[in-house]
Structure formats: structure tokens, C-alpha cells
Amino acid sequence: MVRKSMVAGLVAVQRRPGLVALTYGVNLALAFILAVPVYVVLADVVGPTGFGDDLVHRFDIVLWADILEKAGPLLGALWSQLLWMIPLYVVWKVLLSVGLFHALRDGAARPFWTGVGRYGGRGLLVSAIYGVLGLVWAGFSALVTAGIVLGWGGEVGAFWGGFVVGPALAALGLAVLDLMHDYALIAVVTDERRVWAALLAGIRWPLRHAAAPALYALWLLPAALLLLLPTLVEFNLGGVWGVFLLQQLFLVARAAVTVAWYGSEVALYEAVRQQETPLLAGTDAPVPFASGEVASGRSG
């Protein structure tokens, strides 16, 4: 079932390239909106030093530390931007999720924006609750970290608590909540669940179906690689335009992985639901998306 769901996600990218283009375009616009204030602050911090070109070509931690020491208050203003940047990013990710889940469900060519308008409100409420759960887990992870650091003491305790156990515990818990959040939104879209029913469905789904975390882990690897690769690639090659074009390739690839990932999760959800739901006599069952039979059409 995991393999069929993966194939269904890849087929979704092939049959619905408009969804990839839409995801890429909005992500690019959002990145521009978020990057401009950051660029302005960093330019004000780095520009007067005369080391801007050096930092663009190679990150120097000693030089950057000296700049921070002299321009700390100005750079500190950058944190105030997070008050609107983070909510904007989260809202778009939720709307993107419900739009893609709607567009890809049932193997039909459904319009993306119809899903956003119909399920966006409930999706945001479900996501807000999962956000609270994420904060609770982050606080729990911080307490465990503090306990290890204080209980063990010394550099060993600080290393294992602050750099191993704490981050690993936080990352694992947040990944599980993200997985549950995905299936809660799928329940909202495909089953018309209310907020609390969808919340509980999302929590139960990966606990009842081992294929869900397996599918999540398989897609997490390419997504993480595409997130890290831009920091590992030598961007000096090709000049400014070469860097820009290379960045766009990464963004398009990430958009394709997003569409394939969500398509796979919808396929798995619908396939399992079809197996679990007894068919009524004389009623035709909908063809599961996991079968790879996907209707073509525009993203809407």
C-alpha cells in the first residue's frame, strides 16, 4: 500500500503540473515578501562595514561575530518581523494543504482554490489546536533537556541534554504531530469532518495504520535533502543569475515533492477508508487514488 501511494503521488505530479506551478509561484511570492524586510535589515547592518561581498561569497563566523557586536541593536529589530512573518507562513501552509488535498482527492480534477475557500476556515482551526499541542511538546522537551543538564551536570550533561536528547525528542514529537496534522486536514477535506472530529481522527490515524508513518518517513528524506542542498551547493559558480536559476530549480523541485507527498497521503487515506468501509449493496465504490488512475485537468 505504501508503494502504491508513492506511485499515486508521483502520478499526481505528472497529471497535474498546474498544481506544481501554483505551489511554486505562491511559495516564490511568499519568499519575496518575507525576504525583503530581512534583506533591508541585513544590508543596514553589513553595508557600512564594507564586508558585504566577503560574506556573500563565504560565511566567516569571526567576521560576523564582530559585526553583531557593533550592530546588535539594529539586528535585534529583525526579531520583531517574526510577529507577522511566522503567522503569514503558517496560514499559507495550511491553505496550501487543504487546497491540494481537495484538488487531489478521489482521483478527480478538482479546483485548488475551491478547496481553499471551502475548507480553509476549518483547516486553520484544526491547525491552531495542533500548534498548541506543538508548543506543549516543545515545553516538555525543554523540561527534559533542563533535567538532563542539571541532573548530569558539567559539559557532558550540557552536550547530551542540549545537543542530543533534547533536539531529538523535540524533532521526533513535532514530526509525529505534523503527520497527525496532515491526516486531520485530510479528514476535514475528504470526510467533511468537524474540527474536533478531524483532530481526533488525525491523532488516531498513524497509530492505527503503520503505513502512514512509513510513507511520511519516505517523503521526509527527499524534502529534507532539498531543504539542505541549497546551503551545501557552491553558489559562487555562474554569477548572480546562475545562483538565481539554481535556486529556482530547488524551489520547483520542492513544490513537486509537496504535491507528490500530499497526493500520496490522500491516496493512502482513501485506499484504507475504502477497505474499512463495507460497501452498500448495489453501490459502486469510488476508485481509490492509490490505484494510479488519475483524471487529468487544470489546477484551477
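None of the values given here were measured: they were computed from a predicted structure.
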Is there a path of hydrophobic side-chain contacts, each under 4.5 Å between heavy atoms of I, L, V, M, F, W or Y residues, that connects [X] with [Y]?
X	Y	result
Y130	V91	yes
F163	L150	no
W219	L225	no
V257	F250	yes
L177	F140	yes

Smallest separation among heavy atoms of [X] and [Y], with atom names:
X	Y	result
L95	G120	CD2-CA, 3.8 Å
A12	L104	CB-CD2, 3.8 Å
A214	V2	CB-CG2, 4.3 Å
G161	P167	O-CD, 3.9 Å
L10	A260	N-CB, 4.3 Å
V20	A256	CG1-N, 3.8 Å

Do [X] and [Y] touch side chain to side chain, with heavy atoms closer than 4.5 Å?
X	Y	result
M6	L218	yes
V266	V189	no
V98	V188	no
Q275	M1	yes
I148	V144	yes
L96	T258	yes

State the [atom1]-[atom2] distance between [X] and [Y], to the nearest 0.5 angstrom.
X	Y	atom1	atom2	answer
R110	R105	CZ	CZ	4.0 Å
D182	F101	CG	CZ	4.5 Å
I186	H181	CD1	NE2	10.5 Å
T23	L251	OG1	CG	11.5 Å
L174	D178	CG	CG	8.5 Å
L199	R193	CG	CZ	11.5 Å

Is the backbone of [Y] close enough, under 3.5 Å, to the side chain of [X] for a donor and an acceptor to pair up by distance?
X	Y	value
D191	A187	no
E265	Y183	no
S141	G166	no
W205	L179	no

Checklist entry - Hey, is E192 close enough to R122 for a salt bridge, meaning N to O under 4.0 Å? => result yes

Next on the checklist: Quick check on W92: does its CH2 atom have over 12 non-hydrogen neighbours (other residues, nucleotides or ligands) under 6.0 Å away?
Outcome noted: yes

Item to check | Derivation of the side chain to side chain contact (heavy atoms under 4.5 Å, CB included) call for H209 and Y269 | outcome: CA-CA 10 Å; H209 307 289; Y269 186 89; over 6 Å; no

Next on the checklist: In terms of relative ring orientation, are W261 and Y216 parallel, tilted or perpendicular, with 30° and 60° separating the classes?
Outcome noted: perpendicular

Checklist entry - Taking H102 as the fixed residue, which of F112, Y119, Y262 is the one that meets the ring pair (Phe, Tyr, Trp, His ring centres under 6.0 Å) rule? => result Y119

